Amino acid sequence: MMQAASLDSFDIAILAALQRDGSMTNAALAEVVNLSPSQCSRRRAALEQAGVIEGYAARLSAARLGYGLRAIIRVNLASHGQGKDDDFARFVESHPQIRSAFSVSGDADYVLDVRVRDLDAFADFVHRHLLPHPQVSQVRSEIVLKTLKDDRGLPPVAVP
């Protein structure tokens, strides 16, 4: 298990501010966290170097881009083994409509977060791609009706 980074209150404030707006300049960040721009720059670079900050990205509107349907799909594989699991992982990587995928414990082997244009596109993905996969034995889907919370960020400090 990877050891958690040691963060002080300034690091936590920097991380919180950057999660709200990853495009902040060091000057703007300095105003928010009450440090000089050069100190913010050094701390930001150290957090990036340590792997605490993995990268920066714009948050896009799925609805405005035409992705009107989100589904959560639970998948069970027919059998397991390193080659078979790797094959399914390659399948997941090759389908851009699968936005997140998790190997999980419980009654499913994998949980997929899928974004598509509409119900027809979802049916097409399930029937033409997912169900025919030779390793897939069972698929259970839930269509997301309403998103109550979709916070893609993390609390800067792990909650005990």
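Remember, predicted model here, so these are calculated numbers, not experimental data.
- Here the side chains of F122 and I143 are in contact, with some heavy-atom distance below 4.5 Å.
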- Going through the distances and angles, do V75 and D109 end up as a side chain to side chain contact (heavy atoms under 4.5 Å, CB included)? CA-CA 6 Å; V75 177; D109 295 320; over 6 Å; no

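- Counting only distance, with no hydrogens or angles, the side chain of N76 and the backbone of D107 share a donor-acceptor pair below 3.5 Å.
- Residues A17 and V32 approach most closely at CB-CG1, 4.0 Å, considering heavy atoms.
- Counting only distance, with no hydrogens or angles, the side chain of T25 and the backbone of A28 share a donor-acceptor pair below 3.5 Å.
- Annotation: the span from F10 atom CZ to L47 atom CG amounts to 13.5 Å, rounded to 0.5 Å.
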May I have the list of side-chain donor-acceptor pairs in residues 50-61 shorter than 3.5 Å, sequence neighbours left out?
residue: Y56; atom: OH; partner: R44; partner atom: NE; Å: 3.3
residue: Y56; atom: OH; partner: E48; partner atom: OE2; Å: 2.6
residue: S61; atom: OG; partner: R64; partner atom: N; Å: 3.1

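- I73 and S141 make their closest contact through CG1-OG, 3.8 Å (heavy atoms, listed as atom of the first residue, atom of the second, distance).
- The salt bridge (charged side-chain N to carboxylate O under 4.0 Å, His left out) analysis of residues 12-32, with sequence neighbours excluded, yields no pairs.
- Residues M24 and I12 are members of one and the same hydrophobic cluster, defined by side-chain heavy-atom contacts under 4.5 angstrom among Ile, Leu, Val, Met, Phe, Trp and Tyr.
- Here the closest non-hydrogen pair linking F91 and H129 is CE1-O, 3.5 Å.
- The distance from the CD1 atom of I14 to the OG atom of S41 is 9.5 Å, given to the nearest 0.5 Å.
- Within a 6.0 Å sphere centred on CD of E142, heavy atoms belonging to other residues, nucleotides or ligands number more than 12.
- In this structure, a donor-acceptor pair under 3.5 Å is present between the side chains of Q138 and R140.
- Annotation: ring pair (Phe, Tyr, Trp, His ring centres under 6.0 Å) contacts of F125 (sequence neighbours excluded): H95.
- With sequence neighbours left out, the salt bridge (Lys or Arg N to Asp or Glu O under 4.0 Å) criterion links D85 to no other residue.
- Across all non-hydrogen atoms, the minimal contact from P96 to S94 is CD-O, 3.5 Å.
- I72 has its side chain within reach of V144: a pair of non-hydrogen atoms, C-beta onward, lies under 4.5 Å apart.
- Under the 4.5 Å side-chain criterion, counting only non-hydrogen atoms from C-beta, R43 is not in contact with V33.
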For residues 110-118, tabulate all N or O donor-acceptor pairs below 3.5 Å that involve a side-chain atom, not counting sequence neighbours.
residue: D113; atom: OD1; partner: R70; partner atom: NE; Å: 3.0
residue: D113; atom: OD2; partner: R70; partner atom: NE; Å: 3.3
residue: D113; atom: OD2; partner: R70; partner atom: NH2; Å: 2.6
residue: D118; atom: OD1; partner: D120; partner atom: N; Å: 3.2
residue: D118; atom: OD1; partner: A121; partner atom: N; Å: 2.9

- Kindly determine whether D87 and H133 satisfy side chain to side chain contact (heavy atoms under 4.5 Å, CB included), including the steps that lead there. CA-CA 10 Å; D87 181 51; H133 189 282; 3.3 Å; yes

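- Residues satisfying the ring pair (Phe, Tyr, Trp, His ring centres under 6.0 Å) criterion with Y67, sequence neighbours excluded, are absent altogether.
- Judged by distance alone, the side chain of Q135 and the main-chain N or O of S79 form a donor-acceptor pair under 3.5 Å.
- Residues R74 and A108 share a closest heavy-atom pair of CB-CB, 3.7 Å.
- Contact annotation: the side chain of L119 approaches that of L69 to within less than 4.5 Å [non-hydrogen atoms, C-beta and beyond].
- The nearest pair of heavy atoms linking C40 to L29 is SG-C, 4.0 Å.
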